[in-house]
J.: 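Before I ask anything, here is the structure I am working with.
Residues: numbered from 1 along the sequence shown. Here the structure is a predicted model, which is why all the values come from computation and not from measurement.
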Amino acid sequence: MKTKSGMCLRIAIIAALTAASVTVAPAVVSVADSATPAASAPGHAHGPVWRTSLAGTLSDNSALFDIASVGPNAAWAVGTQYVDGVGQGVILRWNGRTWQQQSTPAVPETGVWHAVDGVSAHDVWAYGWDQVGETLAHYDGKRWTQTPLPDEKGYGFAKLAAVPGRAWLVSDTAINSYADGVWQSTPLPSGVHINAIEARTAHDAWAVGQFAYAGQPSRSVLLHWNGRSWTETAPAGSALGITAVYQESARSVWVTALTPYTEDEPQQTKVLHWNGRTWRDVTGPVDGLWANAITGDGKGTVWVSGDPYGYEGTALYWRLRDGAWTSVEGDAAPGGQTQSYDIEALAPTGRTGQFWSVGFYGLITGESTSAQYELIQRSTR
């Protein structure tokens with residue numbers, strides 16, 4: 001039975017990228033958005049659609065893991081590709097017209113760029129790793145420079161968040177905060193696994209995940225930073241594994257979660273909302289995917305995505321607007337029979353009402369072989 005959670009998911013992705021595959025010509029899509037829109041779910045023909053903006057331009061063993069957008073003309077997507085069996089970290093930049101791979105000036109080399117966040121077009125952070133070690137880099141609008149790491153490393157799977165004047169790098173051992181050239185670390189108890197962090201201001205941030213330790217009951221972990229300390233606000237008795245977080249405002253926070261794994265039963269997606277006092281289950285009809293990505297426009301619209309159940313079909317998105325959930329299928333990548341669409345991260349494109357998604361998809365190349373390619377899609381509204 002397939003399960004999805006935190007570090008296990010990341011390890012599985014990297015393992016898949018290193019697996020042997022048949023070399024085929026990539027299903028290349030123009031770096032400008034494709035002209036063919038995705039079909040909405042039945043009964044929602046006039047709803048939003050997701051169009052492919054980039055697919056298959058990297059190697060046939062590639063994936064994207066995170067995206068940061070600071071406006072309609074500036075976004076960064078990060079991931080990896082394998083060339084001749086060697087992992088190469090990839091940073092892609094959107095300039096308002098096309099996605100272009102960043103190499104100069106001075107992009108540090110690493111095997112995987114795992115996380116990215118941006119404050120502005122002149123303040124972007126990226127975190128990566130390989131067998132040699134971990135890398136944290138900062139972009140000032142002209143060039144990338146490598147930044148010293150905290151003592152508490154992320155072991156390849158740390159999460160990143162940035163606001164003006166401060167950045168966080170969160171591992172399963174500590175929440176590390178960087179400001180004025182100095183790192184400060186808040187240790188985490190053994191068994192805590194952080195799957196996502198998001199910061200709205202230097203005094204308002206959330207780190208979410210779950211606690212899982214041999215011999216002890218699993219439980220949700222939702223930590224809030226108020227500018228002075230981290231306080232746990234998880235629902236009492238909840239065994240959900242929190243996978244992603246989106247801050248709409250100081251009193252409106254959304255998370256996606258997965259129910260505990262049970263043999264022969266698929267894990268179910270849950271969506272929870274914090275109103276400043278309590279958490280409430282607002283999942284409604286959301287179904288058909290393991291959700292590990294959530295975002296919104298700050299005006300009440302929320303998008304959720306992740307890995308659809310099964311191994312066939314396009315990417316699946318759910319939108320919440322005016323209290324109603326709508327399912328929307330993503331654009332199908334051209335070039336052959338596809339499977340295993342997986343959306344790893346979502347981000348709004350500024351205040352345009354559109355959104356980005358990044359992840360990867362599988363292209364079937366033979367009876368028992370497939371190639372994996374990066375995927376970027378954008379919603380029409």
Side-chain angles (χ1 to χ4, degrees), residues 4-5 37-52 67 69 195-196 198 206 208 220 222 235 238 240-249 251-260 265-310 312-332 341-349 351-359 375 377-381:
K4 307 281 290 184
S5 64
S40 297
H44 301 284
H46 301 293
V49 297
W50 285 81
R51 294 179 174 143
T52 299
I67 185 168
S69 175
N195 292 325
E198 181 164 329
W206 289 82
V208 302
S220 303
L222 297 107
S238 173
L240 298 174
I242 311 299
T243 56
V245 57
Y246 156 60
Q247 285 186 275
E248 187 174 44
S249 68
R251 296 185 178 182
S252 182
V253 180
W254 305 77
V255 299
T256 56
L258 294 176
T259 56
E265 293 291 335
Q267 290 177 278
Q268 300 296 316
T269 282
K270 294 292 182 180
V271 182
L272 307 180
H273 179 247
W274 167 259
N275 62 8
R277 299 181 303 276
T278 60
W279 288 97
R280 185 167 65 96
D281 188 333
V282 294
T283 307
V286 174
D287 193 18
L289 79 162
W290 289 276
N292 59 349
I294 187 169
T295 194
D297 62 2
K299 302 176 182 178
T301 297
V302 174
W303 280 98
V304 171
S305 191
D307 178 8
Y309 295 161
E312 296 181 2
T314 58
L316 177 62
Y317 305 88
W318 282 90
R319 184 188 70 168
L320 178 65
R321 176 181 286 182
D322 299 327
W325 285 101
T326 304
S327 63
V328 182
E329 291 184 358
D331 202 7
Y341 282 81
D342 193 310
I343 300 302
E344 287 287 294
L346 297 162
T349 62
R351 299 180 179 179
T352 65
Q354 298 178 326
F355 294 84
W356 291 111
S357 72
V358 298
L375 179 69
Q377 295 191 335
R378 182 166 65 173
S379 72
T380 56
R381 59 185 176 89

J.: Using a 3.5 Å distance criterion without hydrogens, assess whether the side chain of Asp307 forms a donor-acceptor pair with backbone atoms of Trp290.
T.: no
J.: Sequence neighbours left out, what passes side chain to side chain contact (heavy atoms under 4.5 Å, CB included) with Thr314? Give chain and number order.
T.: Glu329, Ala332
J.: Please identify each residue that fulfils side chain to side chain contact (heavy atoms under 4.5 Å, CB included) with Asp322, with sequence neighbours left out.
T.: none
J.: Any idea which heavy atoms bring Gly330 and Gln377 closest together, and the distance?
T.: CA-OE1, 3.7 Å
J.: Only counting residues at least two apart or in another chain, list the ones meeting side-chain hydrogen bond (donor to acceptor under 3.5 Å, both in side chains) with Tyr341.
T.: Thr338
J.: Can you list everything that forms a side-chain hydrogen bond (donor to acceptor under 3.5 Å, both in side chains) with Ser220? Sequence neighbours excluded, please.
T.: Ser238
J.: Mind checking side chain to side chain contact (heavy atoms under 4.5 Å, CB included) for Ser379 and listing every partner two or more places apart, or none if nothing turns up?
T.: Trp50, Gln354, Phe355
J.: Hey, could you give me each pair passing salt bridge (charged side-chain N to carboxylate O under 4.0 Å, His left out) that has a residue in residues 284-305? Not counting sequence neighbours.
T.: none
J.: Residues two or more places apart in sequence or in another chain: which of them pass ring pair (Phe, Tyr, Trp, His ring centres under 6.0 Å) with Trp206?
T.: His224, Trp274, Trp279
J.: Just to verify, what does Arg321 make a side-chain hydrogen bond (donor to acceptor under 3.5 Å, both in side chains) with, not counting sequence neighbours?
T.: Thr301
J.: Who are the side-chain hydrogen bond (donor to acceptor under 3.5 Å, both in side chains) partners of Thr256, not counting sequence neighbours?
T.: Thr243
J.: Which residues pass the side chain to side chain contact (heavy atoms under 4.5 Å, CB included) test with Thr283, not counting sequence neighbours?
T.: Lys270, Val271, Asp281, Val286
